[in-house]
Amino acid sequence: MDTTVLKIASHGAPELAAKILKWAKHRENDGNLTQLQQSALAAYRTRQVYDISESSTVGVKEMLQAYFLFFDKIYFGGYLEGRCWLRVPEWSSFSHRTFGREALGVTSLIAFWLPPWKIRKIWCCIHVFDLPYSCDHEDRLWLIGTLLHEMVHAFLDIYSCTGCRFEFQNVGIGGHATSFQDAAYAIEMASCDPDFLNLHVDLNRLYSFEDELEAMAMGPPRDVAKWGFDIQEIEKYLDAQQ
């Protein structure tokens with residue numbers, strides 16, 4: 001049984017991604033669910049706030065807040081609550097210009113350094129921008145996928161060591177390199193599992209990965225198929241940007 005307790009700014013990104021992979025593999029029929037996961041799933045099966053059907057009367061902000069707490073228990077070991085909070089401001093042309101095309105989310109990190117110049121406190125704020133029109137089922141799925149994308153960032157940002165983040169095998173310059181892809185792919189697959197959450201979310205991994213490769217001025221590694229990517233499509237995209 002793994003009894004490791006995570007500490008802020010203290011872990012390698014691959015170690016943190018491995019934690020997420022482990023939590024994401026737990027299922028109700030294998031006896032591996034933690035008590036935290038069991039209680040979260042029981043609520044997920046019964047509470048109206050998780051309904052994203054066309055007939056749902058739950059507001060977007062209420063829905064996303066509920067999913068934030070739910071996913072924290074399912075995929076992040078409960079390590080985000082208390083260190084990370086969620087805001088759901090209205091989408092605007094300013095947010096679109098500031099954070100890029102099709103950007104619906106952003107994560108901000110606040111860290112306090114104290115003598116002997118080590119990080120003593122870290123908090124994180126996730127912004128998921130509400131859409132400027134009524135949300136249907138697909139829109140809500142997209143917002144939930146955006147939320148999960150930003151939660152992966154928050155988890156890695158809070159708990160990874162400050163000096164080992166930016167290599168490609170960790171999170172990279174833009175935060176979407178190897179460890180991010182490992183974690184996000186595991187979460188995407190678990191969420192889509194019809195015998196688990198049956199929630200067909202898209203964490204926008206490919207677009208983010210292509211941006212990461214551009215930022216690091218490198219081609220794709222040969223094993224991108226492990227994340228469900230087509231290396232030829234990525235190479236074609238990168239060639240078109242030159």
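All values below were derived from every heavy atom in this structure, side-chain atoms included, with hydrogens, water molecules and symmetry-related copies excluded.
- Proximity of F155 to V152: side-chain heavy atoms (C-beta onward) are nowhere separated by under 4.5 Å.
- Side-chain atoms of T46 come within 3.5 Å of backbone atoms of A42 as a donor-acceptor pair (strictly under, hydrogens ignored).
- The environment of K236 atom NZ is sparse: at most 12 non-hydrogen atoms of other residues, nucleotides or ligands sit within 6.0 angstrom.
- Between the CE atom in M63 and the OG1 atom in T57 there is a gap of 12.5 Å [rounded to 0.5 Å].
- Taking the charged nitrogens against the carboxylate oxygens, E54 and R140 have no contact shorter than 4.0 Å, which rules out a salt bridge.
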- request: Begin with the C-alpha distance, continue with both residues' side-chain angles, and end with the deciding distance and a verdict on side chain to side chain contact (heavy atoms under 4.5 Å, CB included) for V128 and V60.
  value: CA-CA 10 Å; V128 176; V60 168; over 6 Å; no
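- R165 places a side-chain N or O within 3.5 Å of a backbone atom of D157 that can act as its donor or acceptor partner.
- Nearest heavy atom pair, residue E28 against residue D195, reads OE1-O, 4.3 Å.
- Closest of all the heavy-atom pairs between A17 and D182 is CB-CB, 4.2 Å.
- Counting heavy atoms from C-beta outward, V171 and S160 have side chains that stay 4.5 Å or more apart.
- Side-chain N or O atoms of S191 include none that pairs as donor or acceptor with a backbone N or O of L199 at under 3.5 Å.
- A donor-acceptor distance shorter than 3.5 angstrom exists from the side chain of Y44 to the backbone of L197, with no hydrogens or angles considered.
- For the pair Q181 (side chain) and H176 (backbone), a donor-acceptor distance under 3.5 Å is present.
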message: Checking W227 against F209 for the side chain to side chain contact (heavy atoms under 4.5 Å, CB included) test, could you report, in this order, the C-alpha distance in whole Å, the side-chain angles of both residues, the deciding distance, and whether it holds?
response: CA-CA 10 Å; W227 300 316; F209 186 60; 3.7 Å; yes
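- For W85 and F68, the ring centers sit 6.0 Å or farther from each other.
- A donor-acceptor contact closer than 3.5 angstrom links the side chains of Q37 and H26.
- Looking at Y75, its side chain never comes within 3.5 Å of a backbone N or O of A186 through a donor-acceptor pair.
- Between the side chains of N204 and W142, not a single donor N or O lies within less than 3.5 Å of an accepting N or O.
- Atom CG of L156 and atom CG of N170 lie 9.5 Å apart (nearest 0.5 Å).
- No continuous path of ILVMFWY side-chain contacts below 4.5 Å connects L21 to I187, so the two sit in separate hydrophobic clusters.
- The backbone N or O of I126 sits nowhere less than 3.5 Å from a side-chain atom of E150 that would complete a donor-acceptor pair.
- Within a 6.0 Å radius of CD in E81, other residues, nucleotides and ligands contribute 12 heavy atoms or fewer.
- Atom NZ of K226 is separated from atom CG of D223 by 4.0 Å, given to the nearest 0.5 angstrom.
- With rounding to the nearest 0.5 angstrom, the CD1 atom of I74 is 12.0 Å from the CG atom of L69.
- The shortest side-chain heavy-atom distance between S56 and I52 does not fall under the 4.5 Å cut-off.
- At a threshold of 4.5 Å between side-chain heavy atoms, the hydrophobic network of Ile, Leu, Val, Met, Phe, Trp and Tyr places W23 and V5 in one connected group.
- Remark: F70 CZ to L147 CG distance equals 11.5 Å, nearest 0.5 Å.
- Both M189 and F229 are part of a single hydrophobic cluster, where members link through side-chain heavy atoms under 4.5 Å apart.
- Under a 4.0 Å N-O distance rule, the pair E15/K7 does not qualify as a salt bridge.
- Within the 4.5 Å cutoff, side-chain heavy atoms of I234 are placed close to those of E210.
- Heavy atoms of other residues, nucleotides or ligands lying less than 6.0 angstrom from CD of Q241 number more than 12.
- What you find for P14 and S179 is that their closest heavy atoms are N-OG, 3.2 Å.
- The backbone N or O of V88 lies less than 3.5 Å from no partner atom in the side chain of D130, so there is not a single donor-acceptor pair.
- Between the side chain of E212 and the backbone N or O of G175, at least one donor-acceptor pair lies under 3.5 Å.
- D230 is linked by a side chain to side chain donor-acceptor pair (under 3.5 Å) to nothing, counting only residues two or more places apart in sequence or in another chain.
- The two residues S10 and I8 come nearest to each other via the heavy atoms OG-O, 2.7 Å.
- Contact detail for C164 and H11: the closest heavy-atom pair is SG-O, 4.3 Å.
- With sequence neighbours left out, E188 forms a side chain to side chain contact (heavy atoms under 4.5 Å, CB included) with D202, L203, R205.
- Checked against the 6.0 Å centroid threshold, F71 and F76 do not count as a close aromatic pair.
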task: Any chance you could lay out the side chain to side chain contact (heavy atoms under 4.5 Å, CB included) test for R27 and F196, step after step, and finish with the verdict?
output: CA-CA 7 Å; R27 294 292 183 272; F196 191 48; 3.7 Å; yes
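- Residues G219 and L213 approach most closely at O-CD2, 3.6 Å, considering heavy atoms.
- In this structure, OG on S108 lies 11.5 Å from NE2 on H153, to the nearest 0.5 angstrom.
- Under 3.5 Å, the side chains of Q169 and T178 contain no donor-acceptor pair of N or O atoms.
- Residues R83 and C124 have side chains not in contact (no heavy-atom distance under 4.5 Å, counting atoms from C-beta outward).
- Between D30 and K25 no salt bridge is recorded (no basic side-chain N to carboxylate O distance below 4.0 Å).
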message: L80 vs M151, test: side chain to side chain contact (heavy atoms under 4.5 Å, CB included). Steps then yes/no.
response: CA-CA 8 Å; L80 290 179; M151 290 178 76; 3.8 Å; yes
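- Residues Y79 and C84 have side chains not in contact (no heavy-atom distance under 4.5 Å, counting atoms from C-beta outward).
- No side-chain donor from either of Q232 and Y237 sits under 3.5 Å from a side-chain acceptor of the other.
- Between the side chain of Q65 and the backbone N or O of L86 there is at least one donor-acceptor pair closer than 3.5 Å.
- Contacts of R47 classified as side chain to side chain contact (heavy atoms under 4.5 Å, CB included), with partners at least two apart in sequence or in another chain: A43, V49, Y50.
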